[in-house]
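Residue numbers count from 1 along this sequence.
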Amino acid sequence: MRATLLVTSVLVLAVSPARSASAQVGVSHQPHSYIYREVEGQWLSAHVFFPPGHRGSEQTNAILLFHGGGWSAGAPEWTFAAARRFAEWGLVSIAVQYRLSGGDATPIEALDDVCTAFSWVREDAANLGVLGRVAGYGVSAGGHLVAAVATVGCSGDAAPGDYAGPDALLLWSPALDVARDGWFVRQLQGRADVAVYSPIEHVRPSTPPTSIVQGVMDTLTPLSGARRFCDRLIQLGGICELHVYEGVGHLLTRNVANQERDFDPDPAAQADGIAQQRRFLRELGFISGR
């Protein structure tokens with residue numbers, strides 16, 4: 001069912017300084033919600049799930065989650081199930097809203113929001129009880145945005161040269177080769193050279209360790225982009241795991257005839273992809289246990 005490309009190299013990760021914070025108890029069904037940014041009259045939210053028995057005085061890592069939807073649809077709630085799962089594993093898990101394409105907004109604005117969200121988490125770490133590293137999780141278009149933070153980089157609130165992005169990437173059917181993505185090209189509205197915002201064109205030695213879950217028959221974010229991304233990162237001495245699942249398409253759907261809706265994820269592939277993410281985080285020291 002699954003073929004895995006796994007290459008290990010020397011791993012060096014930056015650790016944020018520890019700060020004090022008040023105790024939080026349990027993983028609640030509903031998150032603690034914050035406004036992390038106000039921009040152009042829009043309030044952008046971040047929804048935080050705390051690990052069971054979490055105390056801000058303890059060393060705790062975090063993960064930011066970004067939903068899919070072709071840059072033009074979706075909501076943070078789409079990642080709540082994954083956020084609860086990451087919280088159960090011991091991470092402060094934050095589902096993030098970003099601006100959707102439409103009108104004057106493009107993926108450029110969305111990327112700026114994602115950069116700002118990472119900066120916000122680190123700046124407000126004490127209140128959030130985040131005393132360690134911060135990973136990024138992205139699905140489809142959200143995978144593009146979080147991978148772009150780690151490769152294309154940030155400007156504005158996140159000063160150039162001052163890395164504020166993720167310390168690890170967990171990507172699920174990500175859009176990594178958007179220069180070949182006609183939908184992304186249209187969303188960009190001609191405002192920039194598409195290659196400028198394509199993660200695969202900006203992989204560098206500092207790109208954080210990456211784990212990718214991908215269906216062989218994905219027609220929306222093809223496997224070829226994930227393979228090229230991993231190959232480049234490995235060639236540069238980095239870490240990239242590519243977990244490939246036969247017979248399924250986008251988001252591991254078994255409905256390969258229509259991969260834009262009516263998703264029917266293969267249970268075995270989905271369970272294995274989640275298990276691979278957990279192992280990946282454990283081996284990087286983000287979580288403990290089995």
Side-chain angles (χ1 to χ4, degrees), residues 11-17 36-37 39 44 46 48 60-68 71 76 79 82-83 86 91-99 107-125 128 130-172 174-176 178 192 195-212 226 229-230 232-233 236-241 277 280-281 284-286:
L11 174 62
V12 179
L13 294 173
V15 179
S16 302
Y36 77 91
R37 187 180 200 190
V39 57
L44 299 177
V48 183
T60 308
N61 298 311
I63 188 165
L64 273 63
L65 296 89
F66 302 93
H67 65 82
W71 300 275
T79 62
F86 287 125
L91 297 172
V92 174
S93 303
I94 307 170
V96 179
Q97 179 187 13
Y98 56 84
R99 281 174 286 177
I108 297 173
E109 282 68 38
L111 177 58
D112 190 58
D113 295 336
V114 173
C115 288
T116 300
F118 276 100
S119 295
W120 170 76
V121 167
R122 288 192 164 94
E123 291 169 0
D124 209 29
L128 296 172
V130 177
L131 302 180
R133 293 171 288 170
V134 182
Y137 171 88
V139 179
S140 192
H144 161 262
L145 293 172
V146 72
V149 172
T151 54
V152 174
C154 297
S155 60
D157 290 341
D162 181 15
Y163 184 71
D167 296 310
L169 291 173
L170 286 83
L171 309 177
W172 199 279
L176 297 173
V178 294
V196 171
Y197 291 96
S198 186
I200 201 169
E201 304 297 335
H202 301 276
V203 179
R204 50 196 175 188
S206 60
T207 299
T210 301
S211 175
I212 303 174
F229 184 95
C230 256
R232 290 189 181 184
L233 182 51
L236 292 170
I239 296 173
C240 193
E241 297 183 5
Q277 290 180 336
F280 180 73
L281 289 169
L284 292 179
F286 273 83

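- Every residue was checked against the side-chain hydrogen bond (donor to acceptor under 3.5 Å, both in side chains) condition with Gln277, not counting sequence neighbours, and none meets it.
- Take Ser140 and apply the side-chain hydrogen bond (donor to acceptor under 3.5 Å, both in side chains) test, not counting sequence neighbours, and it matches His250.
- The side-chain hydrogen bond (donor to acceptor under 3.5 Å, both in side chains) search around Glu201 returns none, not counting sequence neighbours.
- Leu176 and Ala226 make their closest contact through CD1-CA, 4.0 Å (heavy atoms, listed as atom of the first residue, atom of the second, distance).
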Step-by-step side-chain contact (heavy atoms from CB on, under 4.5 Å) determination, Val96 to Leu65 = CA-CA 6 Å; Val96 179; Leu65 296 89; over 6 Å; no
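- Shown here for Leu236 and Val203, the closest heavy-atom pair between the two residues is CD1-O, 3.6 Å.
- Under the rule for a ring-ring contact (aromatic ring centres under 6.0 Å, His included), the partners of Phe66 that lie at least two apart in sequence or sit in another chain are Phe118.
- In this structure a side-chain-to-backbone donor-acceptor pair under 3.5 Å is missing from Asp167 to Ala135.
- Taking 4.5 Å as the limit, some side-chain heavy atom of Phe229 sits within range of a side-chain heavy atom of Thr207.
- Looking only at distances, a side-chain donor or acceptor of Arg204 sits under 3.5 Å from a matching main-chain atom of Thr151.
- Two residues are said to be in side-chain contact when any heavy atoms from C-beta on lie closer than 4.5 Å; Leu169 and Ser211 fail this criterion.
- For the atom pair CD1 (Ile239) and SG (Cys230), the distance works out to 11.0 Å, reported to the nearest 0.5 Å.
- In this structure, CG in Leu145 is found 12.5 Å from CG in Leu64, a value given to the nearest 0.5 Å.
- Between the side chain of Arg133 and the backbone N or O of Ala168, no donor-acceptor pair lies under 3.5 Å.
- Taking the side-chain contact (heavy atoms from CB on, under 4.5 Å) definition, one finds that Ala46 meets it with Tyr36, Ile94, Trp120, sequence neighbours left out.
- With a 4.5 Å cut-off on side-chain heavy atoms, Thr60 and Val130 do not count as touching.
- With rounding to the nearest 0.5 Å, the separation of CH2 in Trp172 from OH in Tyr137 is 6.0 Å.
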Give the C-alpha distance, both sets of side-chain angles, the deciding distance and a yes or no for side-chain contact (heavy atoms from CB on, under 4.5 Å) between Leu170 and Leu281.
-> CA-CA 9 Å; Leu170 286 83; Leu281 289 169; 3.8 Å; yes
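- Taking Val39 as the reference, Arg37, Leu44, Arg99, Asp113 meet the side-chain contact (heavy atoms from CB on, under 4.5 Å) condition, with sequence neighbours excluded.
- Every side-chain contact (heavy atoms from CB on, under 4.5 Å) that Ala141 has, sequence neighbours left out, goes to Trp71.
- Checking side-chain atoms of Ser198 against main-chain N and O of Val178 turns up a donor-acceptor pair under 3.5 Å.
- Remark: side-chain polar atoms of His202 are paired, donor with acceptor, to backbone N or O of Val196 under 3.5 angstrom.
- Here the shortest heavy-atom pairing between Asn61 and Gly285 reads ND2-O, 3.5 Å.
- Looking at residues two or more places apart in sequence or on another chain, you find a side-chain contact (heavy atoms from CB on, under 4.5 Å) between Ile108 and Thr106, Leu188, Arg191, Ala192, Tyr197.
- Here the closest non-hydrogen pair linking Pro166 and Val149 is CD-CG1, 3.7 Å.
- In this structure the side chain of Glu241 never reaches within 4.5 angstrom of the side chain of Thr210, judged on heavy atoms.
- Applying the ring-ring contact (aromatic ring centres under 6.0 Å, His included) test to Tyr98 and every residue at least two apart in sequence or in another chain returns His67.
- Contact detail for Pro174 and Gly143: the closest heavy-atom pair is CB-CA, 4.1 Å.
- The nearest pair of heavy atoms linking Val146 to Leu171 is CG1-CD2, 3.5 Å.
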